[in-house]
Amino acid sequence: MPNASVVTRFAPSPTGELHLGNARTALFNFLLARRHGGQFVLRIEDTDTERSRPEHTRALLADLAWLGLSWEAGPDVGGPAGPYLQSQRAEHYARRFAELEQRGLAYPCFCSPLELDLARRAQLAAGRPPRYAGTCRELTAAERAARSSAGAAPTLRFRVAGGAQLVFDDFVHGMQHFATDDIGDFIVRRADGTAAFFFCNALDDADMGVTHVLRGEDHLSNTPRQHLLLAAFGLAVPRYGHVALLVGADGAPLSKRRGAPSLRQLREQGYLPLAIANHLFRLGHSGGADGLLTLAQMAQHFDLTHLGRAPARSDDAQLAVWQRNTAHELAPAARTEWLHGALPAGMDPARAAALIAAIAPNVVLPADAVQWIATVLGAPPALEAAAQQTIRRAGPAFFAAASQAALGCGNDWKALVAATGSATGCRGPRLFKPLRCALTGLDHGPELGPLLALMAPEQIQARLARFAGP
Ligand code: GLU
């Protein structure tokens, strides 16, 4: 059902390049908004000043736009609930911290990281879930003042009332139950004054009118705290859904550290954005239509009830299939632009167009085009093992006759096949396979007619003559 009040968002931390896992999260949120004619917000979560970099933010925006996504609100386009960089929202957070303190819903905590660590270890050793022991919960005003004047910079902790159950319906995982006793009071403002992740993430979602938070499963355990915070402020709680993580072919979660390619790397290798989107659309989202879809078609088929709970496997071979399908659907002008870098500089445009058309069926990535163009225009190609065998089997007499026949055929493949056939008596694969192998070095490849039309007759003749001798 279309519902124009649907507002989704993508909220990356600009600490590195976009990889397939977070690109999928962005895509799904974009599709959910488009499906309902709603809004898609881009918010940059750059409160971690040590790891966040403006150049990562710029690259994130460029990568998302390249993938074909667009957003109604974000750091580049502005919007009614801006700014969309968390680093510029300190005032919003400060107002909320003050409110929590005034209402007694949060308190300064002077525990040092070492003390907290020791307490956590003790709880783990006793088999209890680690949570804040409440040391600073009931300090008097005088005690707080004394600690502060002694120079200790406190964190701000949100008070969690124990003895309750927090229940919410995750739109991927179903009903979730958390005991507030297991949560414990948690930090909303760090000792350096910056807002903690849970806090600004939840508050910004509410302030930006986000209705659906679709994000990675690794955030599921954060959600109860975010519910508690939003309830404390009387703000609307978005619906949360946590998609299963993407794993690689080895079953381990995709991560940069394990060599998962970034979107930039894929783009530089010549992967097409629609191929990547089609690949991602099928990872953890079932149903929908088969075949290559546009983003608008994906949006029509995107359905929250089709999100899977099991980890989705991102398989390079599957991505290559989408890439092949997308490349084969490109219109000639778009294909020439895509493969432009593979062409020799200054090539006549009509010849370039003919060359690209001739090799296109065998090109999945620009690197394939580079190889085929070298085969057509460059030195005689080296022979692949299968081609060597075929050539050996055909024998020197075959190639003596073929190279002789080539003298009268120019660069006309049909004429060459006919003349070689009548000179050798060979037919079918025993005729054209050895010719293909000698001419291209491979026993498979694009149609030879258009390929040969781009070659000089003497080049063809020389390639055949190579095997005419003993
Ligand atoms: N900045 C968080 C991340 O990149 C956002 C999590 C969320 O989508 O809520 O993991």
Side-chain angles (χ1 to χ4, degrees), residues 6-33 39-54 56-61 63-64 67 69 71 73-75 81 83-90 92-93 168 170-173 176 186-188 190 194-230 235-246 253-257 260 262-263 280 284 304 307:
V6 166
V7 179
T8 67
R9 52 57 161 187
F10 179 52
S13 305
T15 54
E17 296 189 309
L18 207 60
H19 54 81
L20 288 178
N22 36 35
R24 181 185 62 151
T25 304
L27 175 71
F28 283 7
N29 279 288
F30 167 80
L31 296 176
L32 179 58
Q39 309 252 307
F40 177 51
V41 175
L42 178 59
R43 180 177 72 234
I44 301 295
E45 302 211 320
D46 55 350
T47 52
D48 181 345
T49 45
E50 301 248 300
R51 296 172 61 222
S52 300
R53 298 262 182 283
H56 288 318
T57 299
R58 282 193 293 276
L60 277 170
L61 266 66
D63 283 347
L64 293 170
L67 192 58
L69 310 195
W71 41 96
Y84 293 90
L85 292 172
Q86 284 187 332
S87 57
Q88 297 176 359
R89 296 179 66 80
H92 292 255
Y93 308 140
F168 61 89
D170 184 284
F171 57 72
V172 178
H173 290 272
Q176 304 292 310
F186 58 89
I187 294 175
V188 288
R190 303 185 190 100
T194 58
F197 163 75
F198 310 115
F199 185 84
C200 31
N201 183 270
L203 271 291
D204 285 349
D205 281 340
D207 288 342
M208 293 175 184
V210 171
T211 58
H212 292 71
V213 171
L214 180 53
R215 60 184 176 181
E217 210 170 61
D218 46 335
H219 287 291
L220 180 56
S221 60
N222 296 329
T223 308
R225 283 171 235 188
Q226 302 197 302
H227 267 265
L228 292 172
L229 281 170
L230 294 176
L235 292 167
V237 182
R239 291 188 60 202
Y240 289 93
H242 293 85
V243 276
L245 295 182
L246 275 193
L254 276 194
S255 77
K256 275 173 271 182
R257 240 173 304 133
S262 67
L263 232 53
L280 295 176
L304 289 182
L307 293 171

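For ligands, and for the atoms within them, numbers begin at 1 and follow the listed sequence. Note that the numbering runs from 1 along the sequence shown for the chain.
- Listed by number with element, the atoms of ligand 1 under 4.0 Å from a non-hydrogen atom of R215 are 7 (C), 8 (O), 9 (O).
- Closest heavy-atom approach to atom 1 (N) of ligand 1 within the set Q226, R43, E45: this belongs to E45.
- Inspection of the N222 and R215 side chains reveals no N or O donor paired with an N or O acceptor under 3.5 Å.
- Residues E217 and H173 meet the side-chain proximity criterion, which asks for heavy atoms closer than 4.5 Å.
- Not a single N or O atom of V213, backbone or side chain, sits closer than 3.5 Å to an N or O atom of ligand 1.
- For F197, every heavy-atom contact with ligand 1 shorter than 4.0 Å involves the side chain, none the backbone.
- Here N22 has no heavy atoms under 4.0 Å from ligand 1, in either its backbone or its side chain.
- Inter-residue side-chain proximity for I44 and L61 is flagged as met; some heavy-atom pair is nearer than 4.5 Å.
- Between H227 and Y240, the ring planes are tilted. Angles from 30° to 60° get that label.
- Within the listing of ligand 1, atoms 1 (N), 2 (C), 3 (C), 4 (O) sit less than 4.0 angstrom from a heavy atom of S13.
- The shortest distance between side-chain heavy atoms of H92 and L203 does not fall below 4.5 Å.
- Protein heavy atom closest to atom 5 (C) of ligand 1, with residue, atom name and distance, is A11 O, 3.2 Å.
- Proximity of R9 to ligand 1, defined as any heavy-atom pair under 4.0 Å, is confined to the side chain (atoms from C-beta onward).
- Q86 pairs in a side-chain contact (heavy atoms from CB on, under 4.5 Å) with only one of the listed residues (D48, D46, T194), which is D46.
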* Report the C-alpha distance between Q176 and T223 in whole Å, list the side-chain angles of each, state the deciding distance to 0.1 Å, and finish with yes or no for side-chain contact (heavy atoms from CB on, under 4.5 Å). => CA-CA 10 Å; Q176 304 292 310; T223 308; over 6 Å; no
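- Atom 10 (O) of ligand 1 has H219 NE2, 2.8 Å as its closest protein atom, hydrogens excluded (heavy atom only).
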